[in-house]
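Here's the structure, in structure tokens; my notes come after.
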Amino acid sequence: MVIGLDKIFNSAINNTLFKNKEVLQTNYTPESIPHRDKQIEQIAGILAPLLRGERCSNLFLYGKTGTGKTLSMQYVQNELLRKAKEMGLELRIIYLNCKLKKVSDTEYRILAALIGKLGKEVAATGLPTDQVYSKFIEIIDEKKQLVVIIFDEIDQAIKKISDSFLYNLTRLNSELSKSQISIIGISNDITFLEDIDPRVRSSLGEEELVFPPYNALQLQDILNERCAISFKENAVDAGVIAKCAAYAAREHGDARRALDLLRIAGELSEREGNSNVGLKYIDLANDKMEKDKILDIVETQPKQFQLVLYAISELTKSQKNNKELNKFFTGDVYDVYRDICIKTKNEYLTQRRISDIIAEMDMLGLINAKVISKGRHGRTREIKFAIPIGLFDKIDAILKESLGL
DNA sequence: CGAGATTCATGTGAAGTATACCTTTAGGCTTAA
DNA sequence: AAGCCTAAAGGTATACTTCACATGAATCTCGTA
């Protein structure tokens, strides 16, 4: 047992900073959604026919992450269901997040998930897809009702599956006799509709709605509102919210990120035993998020990527003092990489592949790689490790661990 | 001394291969009529 | 006979390899001043 554990537990129990931390978590649904009145009204207007027992138009929502799409949608959904219940209407709204890995892989799984949400079961595997289709139709059509299906992050699903799936869905109505179905898609990718079948596009995008990013002021409002619920009074220094909002606004006005930033800043400050959040914790939190992201990337890379990264890390280490600024070339990396592979009894890949891997790591921001020509000495990439020095040891540890060194 | 040719070390593209993971299908086994 | 399950067959995406050609500035070559 670690000695200091008690202290940590105690400080967690007599939590000095937060009143209600859930409010800052991403899955929390606030009671009001600032600066989205217009969008909510529009959605409500489009869905209103449902309350008259009519089918509503298919709807498409666009907007970058953290612009309140899902939140607004869920808000309208709840209100609608409440109203429908009051009026005794048969209305079913199915919400499906396509981003969840288990769900999104295949058409089959999406259907299975939908059926699951309708309260029925299908075998997890084995049945032909069209059979699942007919079962799905059968379930919906068993009584007169209106069905709305919401596909969140639908672009993720379509990347994996062909758009014929959507086409089938839009034509579902013609196969239903008693019920009627409407589809709502939510997508982060604004260009998404451009590369799908025009027929699908026109039927799916009967109504479209764009969620613009929040600006810094709006983010401030959101943060202030949640801050009041989640933190104890006077726990947040002046200017912290503004800084938080400014950081997040700089990165596409992502409210989720702003909230994360505030929450992590609070956690960090709390861990140090403070009873308030100072300005510097926003920077620390920002740092931490950045670091976590990098570590996460490194951790989840395939083995060959890690081997290459390890080679680069070794190279950087070996020339720490000498030469100019830790720059080296594809050939150097490849040699070291191959040695490591041989030593660790991994098989090594061709230089061609390593070249691509290096390019991909450049995209991920783990390294800086620039194609240069060294004249008589050929053309190559000039490679530099782009990871902050503070993370060096951790990365090293992760790599050694996962490569079994 | 300078214009143009050469050269090096890899970048880059296309096409082919191996593998893993899916879906589909066919055949066999079980169950219900 | 119909339904169900499983194993094999066929499809498709991914991660690589092989082959072939492209790059672009330092360096070389050679004609000229």
Side-chain angles (χ1 to χ4, degrees), chain A residues 98-116 120-139 155-169 192 195-197 297-312 315 319 323-324 326-342 344-364 366-386 399 402-403:
Chain A
C98 305
K99 204 180 177 183
L100 301 171
K101 275 237 170 92
K102 287 172 226 156
V103 176
S104 69
D105 276 6
T106 68
E107 191 171 348
Y108 184 97
R109 288 192 194 167
I110 287 189
L111 283 169
L114 285 176
I115 292 174
K120 298 278 162 66
E121 287 285 326
V122 273
T125 170
L127 294 170
T129 309
D130 56 340
Q131 210 163 317
V132 186
Y133 248 118
S134 44
K135 174 144 193 185
F136 178 61
I137 291 169
E138 188 185 306
I139 291 172
D155 45 334
Q156 300 287 326
I158 300 308
K159 249 181 239 162
K160 298 243 176 184
I161 318 163
S162 77
D163 53 7
S164 64
F165 170 65
L166 280 180
Y167 184 62
N168 289 338
L169 271 181
F192 163 67
D195 27 79
I196 64 177
D197 194 318
I297 292 173
V298 172
E299 219 160 28
T300 55
Q301 284 309 302
K303 196 162 76 185
Q304 292 296 346
F305 278 57
Q306 293 186 336
L307 282 162
V308 175
L309 199 61
Y310 188 66
I312 294 173
L315 264 173
Q319 3 181 293
K323 305 236 176 144
E324 28 151 294
N326 296 321
K327 284 177 184 165
F328 31 81
F329 310 107
T330 309
D332 308 338
V333 174
Y334 186 67
D335 289 345
V336 175
Y337 157 80
R338 209 177 46 190
D339 285 352
I340 292 171
C341 284
I342 291 167
T344 59
K345 292 191 181 171
N346 282 298
E347 46 201 312
Y348 57 88
L349 308 177
T350 8
Q351 187 151 341
R352 177 69 186 82
R353 181 89 252 269
I354 300 307
S355 174
D356 281 349
I357 289 179
I358 287 173
E360 279 175 55
M361 297 212 291
D362 184 37
M363 298 278 271
L364 286 171
L366 295 176
I367 58 177
N368 292 321
K370 195 170 68 183
V371 180
I372 56 161
S373 178
K374 290 196 296 172
R376 194 71 209 271
H377 305 293
R379 233 160 79 92
T380 183
R381 278 200 178 86
E382 189 182 73
I383 298 162
K384 210 179 142 190
F385 218 13
L399 292 177
S402 77
L403 298 173

| request: To the nearest 0.5 Å, tell me how far A/Leu403 CG sits from A/Leu307 CG. | output: 5.0 Å
Can you tell me how far [atom2] of [N] sits from [atom1] of [X], to the nearest Å?
| X | N | atom1 | atom2 | value |
| --- | --- | --- | --- | --- |
| A/Glu347 | C/dC16 | CD | C1' | 10 Å |
| A/Arg353 | C/dA15 | CZ | P | 7 Å |
| A/Ile357 | C/dA15 | CD1 | P | 10 Å |
| A/His377 | B/dT7 | NE2 | P | 15 Å |
| A/Arg352 | C/dA15 | CZ | P | 15 Å |
| A/Asn346 | C/dC16 | CG | C1' | 15 Å |
| A/Asp356 | B/dT12 | CG | C1' | 8 Å |
| A/Asp362 | B/dG11 | CG | P | 12 Å |

| request: Output, in order, the C-alpha distance, side-chain angles, deciding distance and verdict of salt bridge (Lys or Arg N to Asp or Glu O under 4.0 Å) for A/Glu347 and A/Lys303. | output: CA-CA 11 Å; A/Glu347 46 201 312; A/Lys303 196 162 76 185; over 6 Å; no
If the cut-off is 4.0 Å, is [X] near the phosphate of [N], judged by side-chain N/O to OP1 or OP2?
| X | N | value |
| --- | --- | --- |
| A/Thr380 | B/dA9 | no |
| A/Arg376 | C/dT27 | no |
| A/Thr330 | B/dG11 | yes |
| A/Arg381 | B/dT12 | yes |
| A/Thr350 | C/dT17 | yes |

| message | A side-chain contact here means heavy atoms from C-beta on lying under 4.5 Å apart; do A/Ile358 and A/Arg381 qualify? | response |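 Side chain of A/Ile358 against side chain of A/Arg381, heavy atoms only: contact under 4.5 Å found.
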| query | Can you tell which of C/dC16, C/dC19, C/dG24 lies closest to the side chain of A/Gln304? | reply | C/dC16
| request: Evaluate the side-chain hydrogen bond (donor to acceptor under 3.5 Å, both in side chains) criterion for residues A/Tyr337 and A/Gln304: first the C-alpha distance (whole Å), next the side-chain angles of each, then the deciding distance (0.1 Å), finally the verdict. | output: CA-CA 9 Å; A/Tyr337 157 80; A/Gln304 292 296 346; 2.6 Å; yes
| said: Can you see whether A/Phe328 has A/Lys384 sitting over its ring - NZ or CZ less than 6.0 Å from the centre and within 45° of the normal? | reply: no
